[in-house]
Amino acid sequence: MRIDLSRDGLLTPEQAKRLNEVADRTRVHYNDMISRMAIGKEDDLDWWVSGIAGRNTYVCSLFVECCHVVLIRDLLADQDIAEIVTASRPLAKTIRSVCRAQGAAVRVVAKESFFEPLKILWKSAWDCGRDMARQIYRFWLCRIRFPSRKGPLPANCTLVELFVLDGSFAAGDFQDRYYENFGGCLRQEEEKDHVYLANLAVRFKNLAGTVERLRAATKRFLIQEEILQTSDFVHAWSYPLRCWPLFPRRALLSGIDVTPLLRRAWLKHLFSSRSLEAILKFGLVKRLKKSGATLRLVIDWFENQDMDKAFNMALRRYFPETAVVGYQGFDTQKYFLCAYPTEVERRSGVLPHSLAVCGPALMEERRQFCRDLPVETAPAFRYMNVWRGETRKTEAPFFRVLIILPLEAQSAMEILRLLLEAIEAGPGERVRFFLKPHPAMRLESIYGDVAHLTSLLKVVGGNISAYWNQTDLIMGNTSSALLEAAAMGIPVIVIGSRRGITTNPLPESLSGDIWRLAYTKEELLLSLDHFMTSAGKDQKRFAEIGGQIRDRYFSPVTRTAVLKLLRR
C-alpha cells in the first residue's frame with residue numbers, strides 16, 4: 001500500500017476517516033505538549049505571540065502533521081505499507097523514526113528540495129517586510145492623511161473589538177456583522193460611551209478609503225495606529241531577533257519525538273506578521289494606559305489567537321480593574337484548537353476574565369481543556385435570523401444548492417474541486433448552484449479560472465441570511481454558517497477532506513437525517529440525490545431538528561441578555 005501525504009496527494013476515504021479519529025484523540029496530547037513548552041515562559045509576551053503557542057490550526061500545520069505521524073503509527077500496526085510520500089523532509093524524518101520503532105521496512109519519500117528551509121525563510125521574511133510597509137502606510141493614513149479629530153476617549157468607556165472588512169461600508173455607513181448593533185436593543189444614550197476597536201482586515205488598495213470612512217462613521221472607532229508610537233513598531237519588528245531563546249529544544253507527543261516538525265513550524269513562523277500585529281496590540285493597550293484612558297468594560301472578539309492573547313495579557317497588566325469579556329459569537333469545528341482555552345493559558349493571564357458563548361451547548365465544550373474557565377451564555381447576534389420564525393422558501397422550478405466557502409484556503413479549494421467534478425458528472429438542469437465565498441476571501445486567489453467557474457455556477461455576495469429562503473441545500477465545511485442553516489431546517493452536505501482533517505462544524509450528536517458527509521464525487525451526488533428526493537416529505541422533520549439546534553446553540557437576542565453581556 002502507498003500513502004501520499006504530500007500537498008497534491010489524496011487519502012482514500014477510509015484513511016481520511018481514520019485520520020479524523022486520530023485527530024480526535026490527539027487534541028488532548030497536542031495541547032498537553034504545547035502547555036509543557038509554556039512552563040517557565042508564562043509571563044513572556046514573545047512566547048504567547050509565537051505561531052506554536054497560538055495553536056491556530058488554520059495558520060500553523062504542526063497539529064495536522066502530528067496527526068499524520070500518529071496515523072502512520074496506527075496503520076503500521078494492522079496494514080502492510082510499502083511507501084509513504086510526504087510534503088516535507090521533517091515529516092519524512094519523523095515518520096522514518098516511527099517505522100524503525102515499529103520494525104517496518106517502509107520507503108519514505110519527501111517531496112521537497114534540500115533548499116526548502118532557505119525558501120521558507122526568504123518567503124516569510126519577504127512577507128514580513130511587505131507587512132511592515134503596510135503598517136507604515138496605515139500609520140501615515142491614521143496620523144497624517146486622516147487624523148482623528150474626535151478628541152480623547154470618553155471616560156469609563158466600553159471598548160468593543162471587531163473587524164472591518166472590504167464590504168463593511170458597502171451600504172454607506174458601517175455594517176456591523178459581528179455584534180449586529182447589539183440587536184438594536186440599546187438606547188442611544190446607552191451607546192454613547194462605546195468605542196469600537198477596529199482591526200483592519202481589508203486589501204491594501206482599500207485601506208485609504210476604509211480609514212476615511214471610519215473617520216466619518218456614526219460609531220466612534222479607534223484604530224491602533226492613532227496612538228502607537230515609533231518605538232512600538234521598532235519593538236514589534238525586532239521580534240525575530242528576540243525570540244530565538246524561546247526555541248523549544250525537544251517535543252514528545254504520545255511518546256513520539258516530533259522535534260523535527262516543531263523546528264520546521266518555528267522556522268515558518270519566525271517572521272510571522274501575525275506575531276508583529278499581536279505585539280502592536282499589546283503596545284496599543286500600554287499606550288491607552290499612558291494616555292490616561294479609563295475603561296469600564298472590554299468586549300474582545302475572542303478566538304484565542306495570538307492577537308487575543310497579547311491583548312488580554314496587556315489588559316490584565318495595565319487595566320487590572322477593568323472587566324474583560326471574551327465574546328465568541330460563533331460556533332467552530334473542534335480542530336480549531338485555539339478556540340478552546342487551556343489551563344496554562346488561564347494561569348498565565350492571557351485569557352479574558354470570562355468567556356461568553358452564543359449557546360448553552362457550547363459552555364461545556366469550551367471548558368474541555370480548562371475546567372475552571374468562567375463561561376456564560378450571551379446573545380447570538382450574528383444568528384438572529386434563526387429566531388425570526390420559520391423560513392418561507394420562495395418557489396423555484398429547480399433545486400437550489402448554496403455552496404459556502406470558508407476563509408481557509410485549502411478547505412475552500414477542496415470544496416471547489418469536488419463540486420466541479422460533481423457538476424461535470426451532470427446532476428442535470430434540475431439543479432442550480434450558487435457560490436458564497438467568505439467576505440474576506442478573494443476568489444481568484446484560490447481558483448485562477450474564475451470565468452470557467454462562473455459559467456457553471458453563480459457567485460453571490462452580501463449577508464448570508466438573505467439566502468436562507470432561496471436555498472434548498474447547503475454544501476461546505478468549516479463555516480459555522482452550516483450549523484446556522486441546519487437551525488433553519490435546511491439540509492447540509494459536509495465536504496470531507498482527503499488532504500487533511502475534515503473540519504466539520506456540525507455537532508456529532510446532530511441527527512443524521514438533516515446532514516451527510518461526502519468525501520468523493522460519487523458520495524456527493526448520492527447525497528444530493530437523497531435530499532432532492534426527500535425535499536418535500538422531510539420538511540417537517542428538518543424543522544423539528546432545526547428547532548433543537550436553535551435552542552442549544554443560538555441564544556436569543558433580548559435586551560436583558562444584551563445588558564447582562566455589557567455588565568449594565
Side-chain angles (χ1 to χ4, degrees), residues 1-40 50-53 55 57 60-114 116-117 120 246-269 334-335 337 342 344 369 497-502:
M1 180 174 65
R2 182 177 185 269
I3 299 177
D4 193 344
L5 300 175
S6 67
R7 294 180 183 88
D8 300 323
L10 287 177
L11 298 173
T12 66
E14 292 73 25
Q15 291 167 349
K17 292 171 186 175
R18 196 154 176 181
L19 177 61
N20 267 70
E21 293 171 3
V22 165
D24 287 347
R25 303 195 318 264
T26 304
R27 293 168 76 226
V28 175
H29 303 302
Y30 183 85
N31 284 334
D32 288 345
M33 179 181 73
I34 302 300
S35 295
R36 290 194 301 271
M37 293 180 197
I39 295 173
S50 68
I52 292 172
R55 297 186 300 122
T57 48
C60 180
S61 61
L62 180 60
F63 173 69
V64 176
E65 290 173 340
C66 287
C67 291
H68 281 157
V69 175
V70 178
L71 172 68
I72 295 301
R73 185 185 65 178
D74 290 358
L75 291 176
L76 285 171
D78 54 29
Q79 296 186 28
D80 185 18
I81 304 174
E83 183 181 60
I84 301 170
V85 181
T86 71
S88 73
R89 297 164 71 90
L91 181 56
K93 182 179 180 180
T94 307
I95 289 176
R96 285 191 194 103
S97 67
V98 169
C99 292
R100 283 195 298 269
Q102 299 279 81
V106 181
R107 182 171 182 262
V108 183
V109 181
K111 279 189 173 181
E112 102 171 357
S113 72
F114 181 78
E116 187 66 20
I120 290 172
L246 300 171
F247 181 77
R249 303 303 173 192
R250 191 164 183 261
L252 291 175
L253 182 136
S254 299
I256 302 172
D257 187 347
V258 295
T259 307
L261 303 179
L262 182 68
R263 289 174 176 167
R264 174 57 64 86
W266 190 268
L267 185 68
K268 283 182 178 179
H269 295 276
K334 60 185 174 183
Y335 307 117
L337 295 184
T342 63
V344 72
F369 308 115
S497 174
R498 293 177 59 189
R499 287 183 169 83
I501 299 167
T502 296

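Owing to the predicted nature of the structure, the values given are computational and were not obtained by experimental measurement.
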To the closest 0.5 Å, what do you measure between CZ (Arg250) and CZ (Arg263)? 10.0 Å
Atom pair CD1/SG of Ile501 and Cys67 - distance to nearest 0.5 Å: 4.0 Å
Calculate, to the nearest 0.5 Å, the distance between atoms CD1 and CG belonging to Ile81 and Leu75 respectively. 5.0 Å
Would you check if Ile3 and Leu71 make a side-chain contact, meaning some heavy-atom pair closer than 4.5 Å? no
Show me, pair by pair, the donor-acceptor contacts under 3.5 angstrom made by side chains of residues 88-96, not counting sequence neighbours?
{"unit_1": "Ser88", "atom_1": "OG", "unit_2": "Leu91", "atom_2": "N", "d": "3.2"}
{"unit_1": "Thr94", "atom_1": "OG1", "unit_2": "Pro90", "atom_2": "O", "d": "2.9"}
{"unit_1": "Arg96", "atom_1": "NH2", "unit_2": "Val108", "atom_2": "O", "d": "3.0"}

Answer whether the closest heavy-atom distance between the side chains of Asp32 and Arg36 falls below 4.5 Å. yes
Can you confirm whether Pro117 sits close enough to Leu267 that some side-chain heavy atom of one is under 4.5 Å from a side-chain heavy atom of the other? yes
His29 vs Cys66 side-chain heavy atoms within contact, under 4.5 Å: no
Ignoring hydrogens, what is the shortest heavy-atom contact between Cys60 and Gly51? Give both atom names and the distance. CB-O, 4.0 Å
Salt bridge (Lys or Arg N to Asp or Glu O under 4.0 Å) contacts touching residues 97-111 (sequence neighbours left out): Glu83-Arg107
Measure the shortest side-chain to side-chain distance between Arg498 and Pro13 over non-hydrogen atoms and say whether it is less than 4.5 angstrom. yes
I'd like to check the salt bridge (Lys or Arg N to Asp or Glu O under 4.0 Å) partners of Arg25; sequence neighbours left out, ordered by chain and number. Asp74
CD of Glu65 to CG of Leu253, rounded to nearest 0.5 Å, is 12.5 Å
Roughly how far, to the nearest 0.5 Å, is the NE2 atom of His68 from the CG atom of Leu11? 6.0 Å
Just jot down the salt bridge (Lys or Arg N to Asp or Glu O under 4.0 Å) partners of Asp78, sequence neighbours excluded, or say none. Arg18
Test item: Tyr335 and Val64 side chains (from C-beta on) under 4.5 Å apart, heavy atoms: no
If we ignore hydrogens and angles and just use 3.5 Å, is the side chain of Ser50 paired with the main-chain N or O of Ala53 as donor and acceptor? yes
So, do Lys334 and Asp24 sit near enough that their side-chain heavy atoms are less than 4.5 Å apart? yes
Qualifying residue for side chain to side chain contact (heavy atoms under 4.5 Å, CB included) with Trp266, from Leu261, Leu62, Ile52: Ile52
Considering residues at least two apart in sequence or located in another chain, which fulfil the side chain to side chain contact (heavy atoms under 4.5 Å, CB included) criterion with Thr57? Phe63, Phe336, Leu337
Could you work out, with salt bridge (Lys or Arg N to Asp or Glu O under 4.0 Å) as the rule, every residue matching Arg7, not counting sequence neighbours? none
Would you name the heavy atoms of Val344 and Ser35 that are closest together and state the gap between them? CG1-OG, 3.4 Å
Identify the heavy atoms of Cys99 and Ile84 that sit nearest to each other, and give their distance. SG-CD1, 4.5 Å
If you take all heavy atoms of Gly500 and Asn20, which pair is closest and at what distance? O-OD1, 4.5 Å
Met1 and Gln79 have their tightest heavy-atom pair at CE-OE1, 2.7 Å
Answer whether the closest heavy-atom distance between the side chains of Ile72 and Leu5 falls below 4.5 Å. yes
Atom pair CG (Leu252) and OG1 (Thr259), whose distance is rounded to the nearest 0.5 Å: 6.5 Å
Flag, side chain of Thr502 to backbone of Ser497, donor-acceptor distance under 3.5 Å: yes
